[in-house]
Amino acid sequence: MKILYMGTPDFAVKPLKALIENKYDVCGVVTQPDKPVGRKAILTPPPVKIEAENAGIKVYQPQTLKNGEGIEILKETNPDVVIVVAYGKILPKDFLEFSKYGCINIHGSILPKYRGAAPIQRCVLDGEEYAGVTAMQMDVGLDTGDMLLVEKTKIGENETSGELFDRLADMGAQLLIKTLDKLQKDELKPEKQNDEESTYASMLDKSMSPVDWNNSAQQVHNQIRGLDPWPVALTVYNGKTLKLFRSYLTDSLGSGEAGTVKAVKEGLAVFCGDGKPVIITEVQYEGKKRMKAADFLRGNPIPDGYSLLKDC
RNA sequence: CGCGGAGUAGAGCAGCCUGGUAGCUCGUCGGGCUCAUAACCCGGAGGCCGUGUGGUUCAAAUCCCACCUCCGCAA
């Protein structure tokens, strides 16, 4: 079974590793071109490329798959099946249909919900109870292909998108191996998606970062953990941005006015629109490193009852 | 040359402008109080103040210069 693997970010590394460990014949890896990253705009290769090169697999980084450029790669590598995990580009119809078993995608949600770019983060942001991964036979639509296998998991109360990402990447890797196994035994039963139940998980951006303390504590908590590795929830303190990384809910502090602050042992409690507090445990102040909220408070004491709303 | 912040005790910060004894909150160690404590009281240890074989000065954490590292914004 010859496999062409397509993927770009960290999420796609684990499934690729799984293929290699399970002795699948990965005849090539397609990933996005290197991109400038960071303050110095250093050209950085995608995580998948690094992994592939370590394994001695040939890497392709086409700017586009259109105009037959994708087909060229297929002709050269001649795979039986193409595996796509968070590649980041649309695959044209002729590309999808070229190889024997077409293109199979591992998607980070329980389809048909959360089709699109940011399914994992959207699940957390929405406060969903379950997340999962779906193996799907790709068609020309966006995550609309027939479902092959699904794996579900419960989202932890305080789990961040980043943590869920890691877990789902492992699950996706296992699911991929299972899918290929069944594919070879001809045991897969494609199932159509119910389009009426579908939802779309659009990309995140920085405009989602500012916290509105008038929202409920649960909403704020979901925002903080949902935006965790990026773009990160933030509020303004003393005219400077304060990033909020981790939080949890409690009902042991009574209630307070939206936006007001109280220092507690675990960190910084901020009361929200429904009068309940969210305890913030990890922050980063502008120009400073990420640190425990309790540490931040030692050097930047905020008086109890201070309102963050007037800073926004 | 994209804009900007920061490197001082184990942690987080102040001190720098207006050079002259190393300071705060917390942790840690010892003691006390308490039925008890993440509470309170007393005491102690712990710093080549990012690097320089730099400059100015009677004297540099502090002023000037160069370099290193970390970070926020923008992309």
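Every heavy atom of this structure was used, including side-chain atoms; hydrogens, water molecules and symmetry mates were not. Chain letters run A, B, ... following the sequence lines, proteins first, then strands; residues in each count from 1.
In summary, the side chains of A/His221 and A/Ser247 do present a donor paired with an acceptor at a separation below 3.5 Å, with no hydrogens or angles considered. A/Thr199 and A/Arg122 form no side-chain donor-acceptor contact under 3.5 Å, judged by distance and modelled atom types alone. For the residue pair A/Tyr60/A/Glu76, the side-chain donor-acceptor check at 3.5 Å is satisfied. Side chains of A/Asn222 and A/Gln218: a donor-acceptor N/O pair is present below 3.5 angstrom, by distance only. Side chains of A/Ser161 and A/Arg225: no donor on one and acceptor on the other come within 3.5 Å. Counting only N and O atoms by type, the side chains of A/Asp126 and A/Tyr114 include a donor and acceptor under 3.5 Å apart. Counting only N and O atoms by type, the side chains of A/Lys289 and A/Gln284 include no donor and acceptor under 3.5 Å apart.
Among the atoms of the strands shown, only primed sugar atoms or phosphate atoms (P, OP1, OP2) are found under 4.0 Å from some heavy atom of A/Lys206.
When the C1' atom of B/A6 is taken as reference, atom CZ of A/Arg290 falls 19 Å away, rounded to whole Å. Across the protein-nucleic acid pair, A/Lys265 atom NZ and B/A38 atom P stand 9 Å apart, rounded to whole Å. What separates CD of A/Gln284 from P of B/G5 is a distance of 17 Å, to the nearest Å. Counting to the nearest Å, the C1' atom of B/G5 and the OH atom of A/Tyr237 are 17 Å from each other. Between the CG atom of A/Leu268 and the C1' atom of B/G12 there is a distance of 14 Å, given to the nearest Å.
Within residues 292-303 of chain A, the residues that have a heavy atom under 4.0 Å from RNA chain B are, in order of number, A/Asp295, A/Phe296, A/Arg298, A/Gly299. Residues from residues 241-253 of chain A lying near RNA chain B, meaning a heavy-atom separation below 4.0 Å, are A/Thr241, A/Lys243 in numerical order.
Spacing between B/C3 and B/A11 at atom P, rounded to whole Å, works out to 32 Å. Distance check on atom P: B/G15 versus B/C58 gives 28 Å, rounded to whole Å. When the P atom is compared between B/G46 and B/A6, the two are found 30 Å apart, to the nearest whole Å. Rounded to whole Å, the separation between the P atoms of B/G30 and B/A38 comes to 14 Å. Taking the C1' atom of each, B/A45 and B/C26 are spaced 16 Å apart, rounded to whole Å. Here, B/U8 and B/G12 have their P atoms 8 Å apart, quoted to the whole Å. Nucleotides B/G72 and B/C64 are separated by 27 Å at their P atoms, to the nearest Å. Taking atom C1' in both B/G52 and B/A39, the straight-line distance is 49 Å, to the nearest Å.
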Starting from the C-alpha separation in whole Å, work towards a yes-or-no answer on salt bridge (charged side-chain N to carboxylate O under 4.0 Å, His left out) for A/Lys93 and A/Glu97.
-> CA-CA 6 Å; A/Lys93 189 162 187 285; A/Glu97 294 168 352; 3.4 Å; yes

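Across the interface with RNA chain B, nearest-nucleotide mapping of A/Lys240 and A/Tyr285 shows A/Lys240 to be the residue nearer the 5′ end. When the nearest nucleotides of RNA chain B are assigned to A/Glu266 and A/Lys289 by heavy-atom distance, the more 5′-ward of the two goes with A/Glu266.
A salt bridge does not link A/Lys240 with A/Glu286: every distance from a Lys NZ or Arg NE/NH1/NH2 to an Asp or Glu carboxylate oxygen is 4.0 Å or more.
Using Watson-Crick or G-U wobble geometry with both donor-acceptor distances under 3.5 Å, B/A39 finds no partner in any strand shown. B/A6 and B/U69 make up a base pair, with Watson-Crick or G-U wobble contacts both under 3.5 Å.
Looking at the side chain of A/Lys288, the nearest of the listed nucleotides B/A74, B/C70, B/A6 is B/A6.
Counting all heavy atoms, side chain and backbone alike, A/Trp213 lies closest to A/Ala258 at O-CB, 3.6 Å.
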